[in-house]
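First listed ligand is number 1; within each ligand, the first listed atom is number 1.
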Amino acid sequence: MEGTEMPVVIKEYIAEERVLDRALAYPKIRLMGSKYRLLPWIYDIMSRLRFSTALDAFSGSGVVSYLLKSMGKTVTTNDYLSFAFNVGNGVIANQGQLLSRPDVMLLTEPNAKREMFCEKTFGGIFFSPEDLRFLDNTWANLSQFSATKRSLAIAAMVRASLKKQPRGVFTVANDRSANYDDGRRDLKLTLKELFLESVDAFNAVIYEDQRPHRALVGDAFDAPQGAELVYLDPPYVPRRDDNCYIKRYHFVEGLSTYWRGAEIIESSRVKKLRKRFTPFSYRKTALAAFDGMFARYRDSILVLSYSSNGYPDLNILVDLMARYKHRVSVYEHKHRYHFGTHSAVQDERVVVQEYLLVGTD
Ligand SMILES: C[S@@+](CC[C@H](N)C(=O)[O-])C[C@H]1O[C@@H](n2cnc3c(N)ncnc32)[C@H](O)[C@@H]1O
């Protein structure tokens, strides 16, 4: 081997290590179906594919979009939930606009003109009056900032709220359930303290790369075509229970627009928002939805995340994707969900097989 070749190989290897390290530094956001734990595996597979632009059509916590950005790709994040958009806009598409100490002081400064929506609506339902006041107050101060910084501050409020809320979901008022062990430290902190921590955590991973990333909010069926790779991670039809994101996360979804234009179901104890339909959640509509999604993005490399406890079965999805792509590869990964449960019924659901279906050519 020529003496000059060796350093190049070493350099590439180190660069790849850094990609994953950088992606894994992404702050954890408690969201059902987040692929944070699967990131090394997803990275391993995606790094074998040749592409420079990517659409993350169901971006959720944004962790896969951030992996793609870390890999040097130009990323479009998309989700139909507004809080996911704010994470995409404030953290991933953001070209280096951090929330500085003076910014944070401005954001948290008492504002006599604040509306009291959170305090009035959610008092006695979620959080302490002090925490709710903090959210009202911070919202009142947001207008002084650029759109990117506003999104970043909203993302930090959302992450803080998810951390503080028992089990990370907003289905039960004043949830005093003793069955969780995942947030005791967070429960003792105020929302303001958790917000400040989240600002630091996001600031630490935001960086400028001069690429024209975009963050969108909308249905995956309306997201732009044309990316060289499209990553699809829709909700799956659950075997039991349901998987409604609005039911679990209505509070942070409302918070991300300060409930402007939001339709609260007044009769609900937790003041939840009206459910948002997605065809991926129902047996009757899921198959056609996958078909429509593959057809829409047929000119891109397709990467679909899927798991063994979903519907339809894997071979059906492979056949469906094969209608649009000449080559469909299936990668498997055993993934253990840490829901901290002891019941035999739920244990069944703890270990699931995760799949990545990759359609090329
Ligand atoms: C399994 S999660 C995605 C998780 C994400 N990949 C992550 O690692 O955090 C599914 C996401 O799809 C979004 N979603 C569901 N139906 C949608 C639709 N029709 N269009 C756009 N987003 C949708 C939900 O809001 C949710 O954030």
Is the shortest distance from a heavy atom of A84 to ligand 1 less than 4.0 Å? no

Could a heavy atom of G218 be found less than 4.0 Å from some atom of ligand 1? yes

Among all the protein's non-hydrogen atoms, which is closest to atom 23 (C) of ligand 1, and how far away is it? F58 CD2, 3.4 Å

Could you check atom 20 (N) of ligand 1 against the protein and tell me its nearest heavy-atom contact, residue, atom and distance included? A220 N, 2.8 Å

Would you say [X]'s side chain and [Y]'s backbone share a donor-acceptor pair under 3.5 angstrom?
X	Y	value
E115	A140	no
N89	T148	no
D361	H326	no

Counting from 1, what ligand 1 atoms have a heavy atom of [X] closer than 4.0 Å?
X	result
T278	15 (C), 16 (N), 17 (C), 18 (C), 19 (N)
Y245	1 (C), 2 (S), 10 (C), 26 (C)
K35	7 (C), 8 (O)
S34	7 (C), 8 (O), 9 (O)
G60	9 (O), 27 (O)
V63	8 (O)
G33	1 (C), 4 (C)
S61	7 (C), 8 (O), 9 (O)

Would [X] pass as a cation-pi partner of [Y], given that its NZ or CZ must be under 6.0 Å from the six-membered ring centre and within 45 degrees of the axis?
X	Y	answer
R276	Y80	yes
K69	Y207	yes
K164	F127	no
R283	Y311	yes

[X] to ligand 1: N or O pair under 3.5 Å?
X	value
Y36	no
D233	yes
D79	yes

Are any of the side-chain nitrogens in D136 or K120 under 4.0 Å away from the carboxylate oxygens of its partner? no

Any Lys/Arg nitrogen of R159 or D186 sitting under 4.0 Å from an Asp/Glu carboxylate oxygen of the other? no

Nearest heavy atom to atom 14 (N) of ligand 1: which of F221, Y80, F85, Y249 does it belong to? Y80

Step by step, would you call Y249 with F170 a ring pair (Phe, Tyr, Trp, His ring centres under 6.0 Å)? CA-CA 6 Å; Y249 304 114; F170 295 86; 7.5 Å; no

